[in-house]
Protein chains: 2
Amino acid sequence: MAVEGKNPDVPDSCFADRIGRFLDLTQPERVALAALEDRPRTVRRGTPLVRANDRGTELFMLRRGMLMNFVLLDDGSRQILGFHFPGDMLGWPTLAFRSAPEALVAVTEAEVCSFDRAALIELASERPRLFAAITAFNQMERQALVDRLAGMGRTSARGRVAALLIEIRNRMRRVDATITNRFILGLTQEEIGDATGLTAVHVNRMLRQLEEDGLIAREGGRVTLIDEDRLAHVANYIDRNDAVDLTWLARLR
Amino acid sequence: MAVEGKNPDVPDSCFADRIGRFLDLTQPERVALAALEDRPRTVRRGTPLVRANDRGTELFMLRRGMLMNFVLLDDGSRQILGFHFPGDMLGWPTLAFRSAPEALVAVTEAEVCSFDRAALIELASERPRLFAAITAFNQMERQALVDRLAGMGRTSARGRVAALLIEIRNRMRRVDATITNRFILGLTQEEIGDATGLTAVHVNRMLRQLEEDGLIAREGGRVTLIDEDRLAHVANYIDRNDAVDLTWLARLR
DNA sequence: CGTTATGTTGAGTTTATTCAATAACCGTGG
DNA sequence: CCACGGTTATTGAATAAACTCAACATAACG
């Protein structure tokens, strides 16, 4: 559902907007989703929503800003698992684990809504088609992890940094269609390193190299993707969004 | 449910056995699961169940043997995402993607049952609690991916190989409780490399080094974990199974 | 019994890291 | 507004990790 087509009688939901691009939602489904997005809360950069080993049973709906999740290893090093944007539903591990295996932190100022896992399970009973769609959405997030894993194992440092830039730009553009090839990354080089499995120093060299090769430009915190084709090529980047198909769910009630 | 406690009136299901360790299933739930495990099929080592870009809409229940899933990159390199054992439900990407983003292949002779995604969605409507449990199970598989990603990004080659050995032993032991610290790995060094993001040559050196350090022993295709504590330490290994908690689902109908 | 896949080993190279020093940036308080 | 302290970015030199290439050994298999 395009924003301009929204029905003012139906409560607002970032997640519904997102899912609505792939599947027409019924009004009751939209209402059910909106119920997960009441009591929004604004958090500052750096605010932890979930700490590793937390006992909470909450999930989160991100409405504005950027979050990241990561795990910390015994030696103190951090692996960032991904960055998250409006319309993402987070905190899924709480369905299976007693305590949080991952941390969840705001990378920029952000607006989030939280709800208990019990509410999600209730939704599974009452709106099975919607829950099936959510499950499908989970597969997309899983696939992002898979692609990151493949990049980590089988791609050069330069390629991994390039892939991160493209991925973040694409995610940002899905929220704000006015973004073209220039955007504010909003990450330190150390964060890029923790996401790509590199040291901050090497990230710096790779960014510089991408710049020297004319693939990107940087001014301040702003990044410009100059040669997207070549960038996507060195990154081994695949946009899985094009391959998404939820139409088969439409036939269900 | 321990194997010896099975009710002969209830149809057999590997997945039910697995989930039953965390949550008591009702008889109708077991019946519903068993329906996903009819028409079993035996496949030989190397048999592809899903090829990348396949249009199929099937999921699979693994009943015997070992499978692996992987992605292929443009340059021909392969990233193995994980190895799978009896009781695993596979092929989830078909819920979201038009064509398969990953391949699924038998690593050993294996017995699998396939069912259409439509059957899964039907189960979501009729057995919402069961579907919630399946969703929780999905989080476990996701966490395995996450831990592999973290290992790839932040652990030494030696640690990644060690982690793979421990993980596979643990998975095998969950199926066959008689396995202690000695098991048949059943993987070539190239496969280990594709799973850990290393070359086969380097895998060989790392195995040798683990052996020289007295952490493992090898004879033929058989691996013995000699010093599990130290091995787990170099691997940065965390057994997430201990942290699983599905008891909160028990309160539901 | 030959053929092919897999495993082993060495030498040299590439890639990424560590350590260290300096520069630019940012927010805060004066 | 500016000074200041801490974070972030940049760069060089030395080191360590992993890869490539190549040769050979061993095991698996029809």
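A note on names: the letters A, B, ... follow the listed sequences, proteins ahead of strands, and every chain is numbered from 1.
Distance CG (A/L207) to P (D/dT10): 8 Å, rounded to an integer number of Å. For B/M206 and D/dA16, the CE to P distance is 15 Å, given to the nearest whole Å. Across the protein-nucleic acid pair, A/L198 atom CG and D/dA18 atom P stand 13 Å apart, rounded to whole Å. A/E190 places its CD atom 13 Å from the P atom of C/dT17, with the value rounded to the nearest Å. Distance CG (A/D194) to P (C/dA16): 16 Å, rounded to an integer number of Å. The nearest whole Å value for the distance from the CZ atom in A/R154 to the C1' atom in D/dC19 is 11 Å. B/D75 has its CG atom 10 Å from the P atom of D/dT20, to the nearest Å. The distance between atom CG of B/L185 and atom C1' of C/dT6, rounded to the nearest whole Å, is 14 Å.
Both B/S156 and A/V201 lie near DNA chain D, and the one whose nearest nucleotide falls closer to the 5' end is A/V201.
A/R63 has a carboxylate O that lies under 4.0 Å from a charged side-chain N of A/D12, or vice versa, which qualifies the two as a salt bridge. Salt-bridge check for A/R171 with A/D88: passed, with a basic side-chain N closer than 4.0 Å to an acidic carboxylate O.
In this model, the phosphate group of C/dT8 is approached by a side-chain N or O of B/N204 to a distance below 4.0 Å at OP1 or OP2. Neither OP1 nor OP2 of D/dA28 sits under 4.0 Å from any side-chain N or O of B/R45. OP1 or OP2 of D/dC19 lies within a sub-4.0 Å distance of a side-chain N or O belonging to B/T199. For A/R218 and C/dA24, the shortest distance from a side-chain N or O to OP1 or OP2 is not below 4.0 Å. A sub-4.0 Å separation between OP1 or OP2 of C/dT8 and a side-chain N or O of B/Q189 is present.
For a distance-only test at 3.5 Å, the side chain of B/R205 fails to qualify as a donor-acceptor partner of the base of C/dG7.
Residues A/E111 and A/T42 have side chains that never bring a donor and an acceptor to within less than 3.5 angstrom of each other.
A/R158 comes within 4.0 angstrom of no nucleic acid atom, judged by non-hydrogen atoms across all strands. At the heavy-atom level, B/G221 lies nowhere under 4.0 Å from the strands shown. Contact annotation for A/R208: backbone-only contact, meaning every heavy-atom pair under 4.0 Å involves sugar-phosphate atoms and none involves a base. Among the heavy atoms of the strands, none lies under 4.0 Å from A/R160. Residue contacts for A/G193: at a heavy-atom cut-off of 4.0 Å it reaches no nucleic acid atom on any strand shown.
Other residues, nucleotides and ligands place more than 12 heavy atoms under 6.0 Å from the CZ atom of B/R45.
Expressed to the nearest 0.5 Å, how far CD of B/Q143 lies from CG of B/L149 amounts to 10.5 Å.
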